[in-house]
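The figures here come from the full heavy-atom set of this structure, side chains too, leaving out hydrogens, waters and symmetry mates. In what follows, chains are A, B, ... by sequence order, proteins preceding strands, each numbered from 1.
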2 protein chains.
Amino acid sequence: MVTERSDVTQILAEIFREHGYAGASLSEITNRTGLGKGSLYHLFPDGKEGMARAVLFEVADWFEENVFMPMRAPDNPDGGIDHMFTEVLRFFDTGRRTCLMGAFALDDARDRFPSEIQAYFLDWTRMLATALRRSGFEKNAAREAAEEVVAGIQGALVLARSLGDPAIFVRAIKRLRKRTGLDQQV
Amino acid sequence: MVTERSDVTQILAEIFREHGYAGASLSEITNRTGLGKGSLYHLFPDGKEGMARAVLFEVADWFEENVFMPMRAPDNPDGGIDHMFTEVLRFFDTGRRTCLMGAFALDDARDRFPSEIQAYFLDWTRMLATALRRSGFEKNAAREAAEEVVAGIQGALVLARSLGDPAIFVRAIKRLRKRTGLDQQV
DNA sequence: GTCTATAGATCGATAGAC
DNA sequence: GTCTATCGATCTATAGAC
């Protein structure tokens with residue numbers, strides 16, 4: 001039985017990923033967590049919105065620690081970028097998991113958490129662009145490539161989920177990894 | 001005042017695009033269409049699910065006529081591909097509109113209309129791959145490029161919406177158009 | 001064909017016992 | 001801290017007058 005807040009947040013994240021914000025009902029949340037509404041509102045006094053906010057925060061936190069921080073190392077930008085692809089592949093369960101931020105962006109939640117969603121994608125593209133510049137890309141080329149990579153990941157997740165074929169995501173990662181290689185710089 | 005079924009479907013499409021399936025409520029639908037529930041259920045006897053199905057059908061139909069059909073011309077594959085990018089740019093309102101199929105794919109609707117969503121993306125990637133082969137791409141390269149283009153479009157729409165910056169979509173289209181150019185073939 | 005009124009279910013959220 | 005019971009609002013859908 002789960003009772004730790006972080007355990008609950010993990011389950012909440014999966015539910016929001018599968019159904020979006022509007023589609024995630026408290027009845028499913030009580031079922032999947034095994035917690036009554038009393039417990040849930042004790043952990044999250046702001047209710048469903050608070051649950052979603054906690055999940056958004058945790059995702060942002062995970063990326064900060066596992067993706068952005070390693071990418072900040074000024075001496076080894078290529079290693080940071082490579083590490084990003086490895087972690088992203090793992091995080092999205094090799095294409096079987098969708099992106100919470102993407103789901104919320106195409107959902108009602110976009111109007112409820114605009115700054116959180118914006119910050120996530122802005123941070124990601126900026127960090128990657130910086131690393132690409134350090135790796136040798138020219139300024140504008142780095143920004144374009146970063147945009148292409150982040151969009152490519154999001155789109156591959158949509159496509160993989162729509163077609164029920166996680167391999168699409170794996171192929172996209174391989175392709176985008178090559179795209180950031182030094183041989184491709186403009 | 002709208003009363004034609006196709007006029008209503010247009011409005012429904014916008015509502016579903018903005019809120020997803022679960023987030024689109026009948027109260028907003030009655031407000032935006034100006035029709036009472038009686039009229040709506042007269043037009044769509046299956047209710048909300050029927051409304052969504054009509055919208056999905058219309059989108060698929062639009063793509064069939066304006067994108068896939070021109071791409072089938074065996075003698076001018078490059079023209080068909082170019083035409084696709086132009087129409088897609090127009091269809092998604094230069095990046096201000098999101099993709100209904102993408103929104104449904106990351107939503108509850110994915111379990112409700114799996115075959116419709118799958119068919120949309122499968123048709124698109126297949127048509128494009130065929131055109132790319134005719135344009136000179138090797139078989140596997142054509143499939144990969146088609147996947148990259150469709151995913152790139154979807155991802156750019158997610159990113160553009162998340163950051164509130166339609167220009168991201170315009171840049172992606174330009175980039176992907178170049179990607180399908182003959183100079184890029186493997 | 002369009003409306004109003006309302007049913008019946010489910011929603012998110014709260015109260016209070018334990 | 002967790003439960004059950006229940007609130008009021010909102011949801012989709014239906015009935016029936018016009």
Side-chain angles (χ1 to χ4, degrees), chain A residues 1-58 100 103-104 106-114 116, chain B residues 1-57 100 103-104 106-113 116:
Chain A
M1 188 53 51
V2 293
T3 156
E4 287 281 329
R5 196 172 190 269
S6 65
D7 293 336
V8 179
T9 311
Q10 289 288 350
I11 299 172
L12 291 175
E14 287 308 317
I15 295 173
F16 282 123
R17 259 188 267 270
E18 292 169 20
H19 301 288
Y21 182 77
S25 69
L26 284 192
S27 67
E28 174 155 12
I29 292 174
T30 56
N31 286 340
R32 300 255 301 252
T33 58
L35 291 172
K37 294 187 183 180
S39 307
L40 283 172
Y41 274 84
H42 175 74
L43 286 171
F44 305 95
D46 291 337
K48 187 173 163 180
E49 178 155 346
M51 301 179 205
R53 213 172 282 279
V55 170
L56 288 172
F57 182 83
E58 203 184 74
L100 181 84
F104 276 16
L106 302 182
D107 189 84
D108 267 28
R110 205 251 155 196
D111 300 321
R112 212 180 277 261
F113 314 105
E116 287 84 352
Chain B
M1 184 55 48
V2 294
T3 156
E4 286 281 327
R5 196 172 191 269
S6 64
D7 293 336
V8 179
T9 311
Q10 290 286 351
I11 299 172
L12 291 175
E14 287 308 318
I15 296 173
F16 282 123
R17 259 189 268 268
E18 291 170 20
H19 301 288
Y21 182 76
S25 70
L26 285 193
S27 67
E28 175 157 10
I29 292 174
T30 57
N31 285 339
R32 303 251 304 250
T33 58
L35 291 172
K37 295 187 182 177
S39 307
L40 283 172
Y41 276 84
H42 174 75
L43 286 170
F44 305 97
D46 292 336
K48 188 172 163 179
E49 177 154 346
M51 300 179 205
R53 212 172 282 281
V55 171
L56 287 173
F57 182 83
L100 182 85
F104 276 16
L106 302 181
D107 190 84
D108 267 29
R110 205 252 157 195
D111 300 321
R112 213 180 278 261
F113 313 106
E116 286 84 353

Nearest whole angstrom, please: distance from the C1' of dT2(C) to the CZ of F44(B). 15 Å
Tabulate below the donor-acceptor pairs under 3.5 Å that side-chain atoms of residues 14-21 of chain A make, not counting sequence neighbours, or state none.
| unit_1 | atom_1 | unit_2 | atom_2 | d |
| --- | --- | --- | --- | --- |
| E14(A) | OE2 | R97(A) | NE | 2.9 |
| E14(A) | OE2 | R97(A) | NH2 | 2.9 |
| E18(A) | OE1 | R32(A) | NH1 | 3.2 |
| E18(A) | OE2 | R32(A) | NH2 | 3.3 |
| H19(A) | ND1 | D108(B) | OD1 | 2.6 |
| H19(A) | NE2 | E28(A) | OE1 | 3.0 |
| H19(A) | NE2 | E28(A) | OE2 | 3.3 |
| Y21(A) | OH | E49(A) | N | 3.4 |

Using the side-chain hydrogen bond (donor to acceptor under 3.5 Å, both in side chains) criterion, which residues pair with S27(A)? Sequence neighbours excluded. S25(A)
So which protein nitrogen or oxygen atoms get under 3.5 Å of nucleotides 12-14 of chain D's nitrogens or oxygens?
| unit_1 | atom_1 | unit_2 | atom_2 | d |
| --- | --- | --- | --- | --- |
| dT12(D) | OP1 | A24(B) | O | 3.2 |
| dT12(D) | OP1 | K48(B) | NZ | 3.0 |
| dT12(D) | OP2 | L26(B) | N | 2.6 |
| dA13(D) | OP2 | Y41(B) | OH | 2.7 |
| dA13(D) | OP2 | K48(B) | N | 2.9 |
| dA13(D) | O5' | Y41(B) | OH | 3.1 |
| dA13(D) | N6 | K37(B) | NZ | 3.0 |

Rounded off to whole Å, could you give me the CG-to-P distance for the L43(A) and dG12(C) pair? 17 Å
Testing the basics here: between R112(A) and R53(A), what is the closest heavy-atom pair and its distance to 0.1 Å? O-NH2, 4.2 Å
Between CG of L40(A) and P of dT2(D) the distance, given in whole Å, is 9 Å
What is the separation between atom CZ on R112(A) and atom P on dG12(C), rounded to the nearest whole Å? 10 Å
Mind checking whether L56(B) and L100(B) have side chains closer than 4.5 Å, heavy atoms only? yes
OP1, OP2 of dG1(C) versus side-chain N and O of H42(B): anything below 4.0 Å? yes
Short question: side chain of K48(A), backbone of A24(A) - any donor-acceptor pair under 3.5 Å? yes
If I compare all heavy atoms of F44(B) with all of A54(B), which pair ends up nearest, and what's the gap? CE2-CB, 3.7 Å
